[in-house]
Student: 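Quick one: this structure, given as structure tokens, is what I'll be asking you about.
For ligands, and for the atoms within them, numbers begin at 1 and follow the listed sequence.
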Amino acid sequence: MMVKVALISGSLRKESFSTKIAKSVEGLFPEGYETQFVEIGNLPLYNEDIDTESNVPAEYTSFRNAIKESDAVLFVTPEYNRSISGALKNALDVGSRPYGQSVWDGKPAAIISQSIGNLSGFGANHHLRQSLVFLNMPTVQQPEVYLANSSKLFDGNGKMNEDTAQFLQTYVDVFIDLIKKHRA
Ligand SMILES: Cc1cc2nc3c(=O)[nH]c(=O)nc-3n(C[C@H](O)[C@H](O)[C@H](O)COP(=O)(O)O)c2cc1C
């Protein structure tokens, strides 16, 4: 049975470095693992008033199903004003409800943060961790992945530089260990 890993990028823009990093990471998973990129840009802002059986937006339902069907989740987050993007927070909120039916509960997670400057999304990385603690997602602790100067990670053909790819391979390997422990 394939182990399914959902990949979520916290950025909606077409040329997003978070998304490019997520796409590069896809190739680092070993045999037996299947990655699925899950979109968050189509999710209406979370509102309990519309999240009722007769009203629930179809986008909420398909997003929740995609996460439910996944065994683990890898987040690649940009930093917006020292935190995660509103889009990513909204996706966390949508998946966490209705109360008692969170689709995140117990799923192993991994976090990559990035920024185009030197700070590498530290604030976003840790704000995301804060939510994942409450959502009860066992998350890779070490190594931590903060990618700085993300616009310089790729060559003209969109290929990630070798050093970064190797580091991310180490990270994915640790994530796989966490997933295996969790499934044992
Ligand atoms: C609203 C907004 C806020 C931002 N705030 C930060 C920030 O706090 N720290 C940082 O390092 N970069 C910040 N940036 C710059 C992002 O690192 C940069 O736009 C990056 O490319 C976003 O990720 P993406 O390429 O995946 O869209 C901000 C960008 C936007 C649009």
Student: List the residues meeting side-chain contact (heavy atoms from CB on, under 4.5 Å) with Ala109, not counting sequence neighbours, and say none if there are none.
Tutor: Phe75, Leu132, Met137, Thr139
Student: Measure the distance from atom 7 (C) of ligand 1 to every protein heavy atom, then report the residue, atom name and distance (to 0.1 Å) of the closest one.
Tutor: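 Answer for atom 7 (C) of ligand 1: Arg82 NH1, 3.2 Å.
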Student: Any atoms of ligand 1 less than 4.0 Å from a non-hydrogen atom of Ser115? List them with their elements.
Tutor: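 Reading through ligand 1 atom by atom, the close ones are 10 (C), 11 (O), 17 (O).
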Student: Check whether any side-chain N or O of Ser24 sits under 3.5 Å from a backbone N or O of Lys20 as a donor-acceptor pair, and report yes or no.
Tutor: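 Checking the backbone N and O of Lys20 against the side chain of Ser24, a donor-acceptor pair under 3.5 Å is found.
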Student: Write out the residue and atom name of the closest protein heavy atom to atom 10 (C) of ligand 1, then the distance separating them to 0.1 Å.
Tutor: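 Nearest neighbour among protein heavy atoms for atom 10 (C) of ligand 1, to 0.1 Å: Glu79 OE2, 3.6 Å.
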Student: Under a 3.5 Å distance rule, please check whether His182 uses its side chain to pair with a backbone N or O of Gly106 as donor and acceptor.
Tutor: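 At least one qualifying donor-acceptor pair exists.
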Student: So, the side chain of Ser16 versus the backbone of Thr19: is there a donor-acceptor pair under 3.5 Å, distance only?
Tutor: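 Answer holds: yes.
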Student: What residue and heavy atom of the protein are closest to atom 22 (C) of ligand 1, and at what distance?
Tutor: Pro78 CB, 3.7 Å
Student: Using only atom types and a distance under 3.5 Å, with no angle test, would you say the side chain of Tyr171 pairs donor to acceptor with the backbone of Gln166?
Tutor: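 No, Tyr171 side chain to Gln166 backbone: no donor-acceptor pair under 3.5 Å.
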Student: For Gln114, is the nearest heavy atom under 4.0 Å from an atom of ligand 1?
Tutor: yes
Student: Quick check on Gln142: does its CD atom have over 12 non-hydrogen neighbours (other residues, nucleotides or ligands) under 6.0 Å away?
Tutor: yes
Student: Of Ser11, Ala124, Gly10, which has the heavy atom at the shortest distance from atom 27 (O) of ligand 1?
Tutor: Ser11
Student: Among Leu119, Asn81, Ile116, Val76, whose heavy atom sits nearest atom 15 (C) of ligand 1?
Tutor: Ile116
